[in-house]
Amino acid sequence: MVLVILLGALFSVRLFMLQVVQAGKFTERAERQYVTPSSSVFDRGTIYFTKRDGTTVAAATVASGFKLAIAPAQITDSEAVYSALRQYIELDRQDFFSRAAKKNDPYEEIANRISKANADAITALELPGVSIFKEKWRFYPGGSLAAKTLGFVSYKQDTLLGRYGLERSYNEVLTRNPDSFYVNFFAEIFANLQSTIFKNKQTIGDVVTTIEPSVQSMLEAAVERVESQWQSDGVGGIVMDPHTGDILALAHVPSFDLNEYGKVSDVSRY
């Protein structure tokens, strides 16, 4: 028993010396050994609608797919690579060749949100300098349904944040901290002991709304008819359960498609 206790104490002291006292000295080596950045993989909590039977359905979620990148220095025949790729994905010819000409750039993203079938087909071509990577992005299954309530995610400098609607209001809850790192057990204990014990961690999770999707759809159709009939600058409506105060639908037109919000030319729609 004494031997086990002594060995345990020895290990603890040694780990404390390496990862706390001598942290500066071993930072670079430690990062290579146990830290894996997760910022390259987008993740975010889900926003739900609630149906009449109490079940939930995703209104804002994360979709998975693939992106294509090239290493220009490894491409010897740009025309052949372009011809091969355009069989499976849409490519702007001028943009592709301008990127392929950057021979000093080791990484140029060419296409995003590629289906698994097309990604597999491109991979099978084994084109030199062409790579396929998994990616995730924010997806709104309803398109324009409850667009002004849900809001959207967009870049602020180099960070994806909720910039409008519920996405913005509950950004801290929905965010999955893209700058986080996966570290080993002892590094987490010793390096973050103070913050783990003495600081409250951010509350993260999903957001469940009382919006009923079929009621929301009917309300949006109704306000669109009014807008069309009277040529209004804008029409809005709310459906509430008078017994509970639950908001079952919120609508305002003109609206926009959440999956293509960047195509809106008139920012007053936001």
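No experiment lies behind these values; they were computed from the predicted model shown.
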Open item on the list: Tell me every residue that passes ring-ring contact (aromatic ring centres under 6.0 Å, His included) with Phe256, counting only those two or more places apart in sequence or in another chain.
Closed with: Tyr270

- [ ] For Ala63, enumerate each residue passing the side chain to side chain contact (heavy atoms under 4.5 Å, CB included) test, keeping only those at least two apart in sequence or located in another chain.
- [x] Trp137, Phe139

TODO: Could you list the residues that satisfy side-chain hydrogen bond (donor to acceptor under 3.5 Å, both in side chains) with Ser115, not counting sequence neighbours?
DONE: Asn118

Open item on the list: Just to verify, what does Tyr82 make a ring-ring contact (aromatic ring centres under 6.0 Å, His included) with, not counting sequence neighbours?
Closed with: Phe96, Phe97

Open item on the list: Under the rule for salt bridge (Lys or Arg N to Asp or Glu O under 4.0 Å), what residues qualify as partners of Glu109, not counting sequence neighbours?
Closed with: Lys67

Open item on the list: Test of understanding: with ring-ring contact (aromatic ring centres under 6.0 Å, His included), list the residues that count as partners of Tyr261, not counting sequence neighbours.
Closed with: Phe152

Task: Those residues that, when tested against Glu227, pass side chain to side chain contact (heavy atoms under 4.5 Å, CB included) (two or more places apart) - done: Val235, Val253, Pro254

Task: Partner set under side-chain hydrogen bond (donor to acceptor under 3.5 Å, both in side chains) for Thr76, not counting sequence neighbours - done: none

Task: side-chain hydrogen bond (donor to acceptor under 3.5 Å, both in side chains) partners for Gln231, two or more places apart - done: none

Open item on the list: Which residues pass the side-chain hydrogen bond (donor to acceptor under 3.5 Å, both in side chains) test with Ser217, not counting sequence neighbours?
Closed with: none

- [ ] With sequence neighbours excluded, tell me which residues meet salt bridge (Lys or Arg N to Asp or Glu O under 4.0 Å) with Lys51.
- [x] none

Open item on the list: Taking salt bridge (Lys or Arg N to Asp or Glu O under 4.0 Å) as the definition, give me every residue that meets it alongside Arg99, ordered by chain and number, with sequence neighbours left out.
Closed with: Asp95, Glu108

